[in-house]
Structure formats: structure tokens, C-alpha cells
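What you are looking at is a predicted structure, and each value in this text was computed from that prediction instead of being measured. FYI, side chains are in, hydrogens and waters are out, and symmetry mates aren't considered; it's all heavy atoms of this structure.
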Amino acid sequence: NWIFTYSSNDKYVLFKLFKYLLMLKKLKKLNYIYLKGHPTWKHNNIDEYFFKLLKKKDIKYRILNPHRNINYLKYYGLITAPSTVLLESAYNNINIKIIGIKKDKNITSGLLFKFYYANKNKIVWEPSIKKLNYYLLRKHETKIKTLNLKRFFSKIFA
């Protein structure tokens, strides 16, 4: 089971998501995709056409309540554009697989950039099917595993 978090219905991000879902299905690493909108930002619903594409390719999905917390231990992987959900997911489930969707050249700045750099092997960005297969077969350790969150932040800002 994979989760996709979103705060908009950006067609570019949805195109990338669909591409990665097809790869995951081909690799037999996809049962369901759970879609969760941002809980506090007003977000546009995903266009119906996207759901028709999922049905056409026999990709099962469920839409989650945006106001409920995510129990990351229930998910094998996360697919998202750069956001703090990457930090939250890695902290709550050290074994979660993460596929990042770049929206432009400068993926982020500040704290998230430092997190991405510290965990560069934990997140796969813009994978090909070969790169994704290799990533899914590897065990991933994250530095958060040995640090509590307070120590993690103090180490980043040191």
C-alpha cells in the first residue's frame, strides 16, 4: 500500500504519480494507492479524469479523510512532491519507501533541503523503472533511526 499526499491538483504532479503507479504495478509492488489531501490548506480535488485513468489501468485507490492523521506504519511507501510529509513519514516509519516528485529544478530550501541531503539514499527522485526496482530491493537506513527528533534538528542547525 502506498500513500500520495497532495495540496493541489497540479496536472504535472498527477502525470508523474500516474507514471510511478504504472511502474509499481509492473514491478508488482502496488496493491492500493491512498490519496490524502492537505488537512489545513484548501486544496482542489483531483480531476475525475485521473480516476478514470486509474480504473482503466486497474489501479485500486481510496481517498482518505484529509483531517485524519496518517499512520505511516500502515504503508509500504509514500509518493509526494517536496513537503514536510517526507520528514514526518521517515520519522514515523523508518522503513517506508519514498518516491519524490520534483516540481522544478530547485526542489526546496532550508530545513527540507538539509533533510533531503542527510537522507539522500532514503528518497528516490524521478526514477526510471530500473532505478525504482533497485531502490525497492535495497534496505534503507535513515539517520533519524539513531536520533530522536530534537537531536536531529539540533544536528541540522549546528
Side-chain angles (χ1 to χ4, degrees), residues 1-113 115-116 119-140 142 144 149:
N1 295 328
W2 288 77
I3 187 164
F4 171 69
T5 57
Y6 63 96
S7 59
S8 74
N9 62 356
D10 184 325
K11 290 187 184 340
Y12 175 80
V13 172
L14 291 176
F15 169 77
K16 290 290 187 171
L17 170 65
F18 187 67
K19 178 181 169 185
Y20 301 143
L21 293 175
L22 291 176
M23 285 184 205
L24 291 168
K25 185 175 179 184
K26 187 173 184 176
L27 295 171
K28 296 184 172 78
K29 295 290 186 178
L30 177 67
N31 290 330
Y32 273 91
I33 181 68
Y34 292 85
L35 305 152
K36 184 175 185 299
H38 196 283
T40 55
W41 295 353
K42 182 173 172 58
H43 58 273
N44 296 325
N45 290 329
I46 295 174
D47 192 280
E48 263 318 297
Y49 181 72
F50 182 76
F51 296 113
K52 288 178 184 175
L53 284 176
L54 293 179
K55 286 179 185 176
K56 185 178 179 182
K57 294 295 183 178
D58 197 31
I59 296 173
K60 297 174 187 162
Y61 67 90
R62 292 202 175 121
I63 299 172
L64 300 176
N65 181 337
H67 302 291
R68 290 215 147 145
N69 288 338
I70 299 172
N71 178 359
Y72 290 99
L73 294 173
K74 289 174 47 178
Y75 300 99
Y76 177 78
L78 167 76
I79 304 172
T80 190
S83 73
T84 56
V85 77
L86 293 168
L87 175 61
E88 183 182 322
S89 66
Y91 179 74
N92 287 294
N93 180 357
I94 61 168
N95 297 315
I96 199 163
K97 306 292 186 188
I98 302 172
I99 299 174
I101 300 173
K102 292 182 187 177
K103 289 182 80 169
D104 56 33
K105 269 188 165 180
N106 184 12
I107 60 172
T108 193
S109 61
L111 176 62
L112 282 177
F113 176 79
F115 170 75
Y116 299 151
N119 294 283
K120 58 186 164 211
N121 294 327
K122 175 79 175 141
I123 305 166
V124 62
W125 295 97
E126 305 290 324
S128 63
I129 194 160
K130 184 177 177 181
K131 187 176 172 184
L132 182 59
N133 188 41
Y134 176 74
Y135 170 80
L136 295 174
L137 292 173
R138 288 190 356 236
K139 287 253 185 210
H140 300 283
T142 178
I144 296 174
L149 195 55

Item to check | Minimal non-hydrogen separation, W2 against L78, with atom names | outcome: CE3-N, 3.4 Å

Checklist entry - Would you say the side-chain atoms of K57 pair up with the backbone N or O of F18, donor to acceptor, closer than 3.5 Å? => result no

Checklist entry - Any idea which heavy atoms bring I101 and L17 closest together, and the distance? => result CD1-N, 4.1 Å

Item to check | Step-by-step side-chain contact (heavy atoms from CB on, under 4.5 Å) determination, K16 to I79 | outcome: CA-CA 10 Å; K16 290 290 187 171; I79 304 172; over 6 Å; no

Next on the checklist: Any heavy-atom pair between the side chains of I59 and L24 that's under 4.5 Å?
Outcome noted: no

Checklist entry - Can you check whether N1's main-chain N or O pairs, donor with acceptor, with K74's side chain at less than 3.5 Å? => result no

Checklist entry - Above 12 or not: heavy atoms from other molecules or residues under 6.0 Å from CG of N69? => result no

Checklist entry - Looking at CD1 of I96 and CD1 of I123, how far apart are the two atoms once the value is rounded to the nearest 0.5 Å? => result 11.0 Å

Next on the checklist: Is the shortest side-chain heavy-atom distance between K11 and F50 below 4.5 Å?
Outcome noted: no

Checklist outcome for this item: Closest heavy-atom pair, N92 versus L73, reported as atoms and distance to 0.1 Å, is O-CD2, 3.5 Å

Checklist entry - Rounded to the nearest 0.5 Å, how far does CG of N71 lie from CG of L64? => result 11.0 Å

Checklist outcome for this item: Applying side chain to side chain donor-acceptor pair (under 3.5 Å) to Y76 and not counting sequence neighbours gives none

Checklist outcome for this item: Closest non-hydrogen atoms of P66 and G37, given as atom of the first, atom of the second and distance, are CB-O, 3.3 Å

Checklist entry - Considering residues, nucleotides and ligands other than F51, do more than 12 of their heavy atoms fall under 6.0 Å from its CZ? => result yes

Checklist outcome for this item: The reported gap from CG in L14 to CG in D47 (rounded to nearest 0.5 angstrom) is 8.5 Å

Checklist entry - So how far is it from Y34 OH to I70 CD1, rounded to the nearest 0.5 Å? => result 13.0 Å

Checklist entry - Could you give the distance from NZ (K122) to CG (N95), rounded to the nearest 0.5 Å? => result 6.5 Å

Checklist outcome for this item: Heavy-atom nearest pair, N65 first then K36, reads O-CE, 3.7 Å

Item to check | Verdict with supporting geometry, Y6 and L35, side-chain contact (heavy atoms from CB on, under 4.5 Å) | outcome: CA-CA 8 Å; Y6 63 96; L35 305 152; 4.2 Å; yes

Checklist outcome for this item: NZ of K29 to OH of Y135, rounded to nearest 0.5 Å, is 12.0 Å

Checklist outcome for this item: Only residue of L30, I33, I99 satisfying side chain to side chain contact (heavy atoms under 4.5 Å, CB included) with Y20 is I99

Next on the checklist: If I compare all heavy atoms of L132 with all of M23, which pair ends up nearest, and what's the gap?
Outcome noted: CD2-CB, 3.8 Å

Checklist entry - In terms of side-chain geometry, is the basic nitrogen of E126 or K131 positioned less than 4.0 Å from the acidic oxygen of its partner? => result no

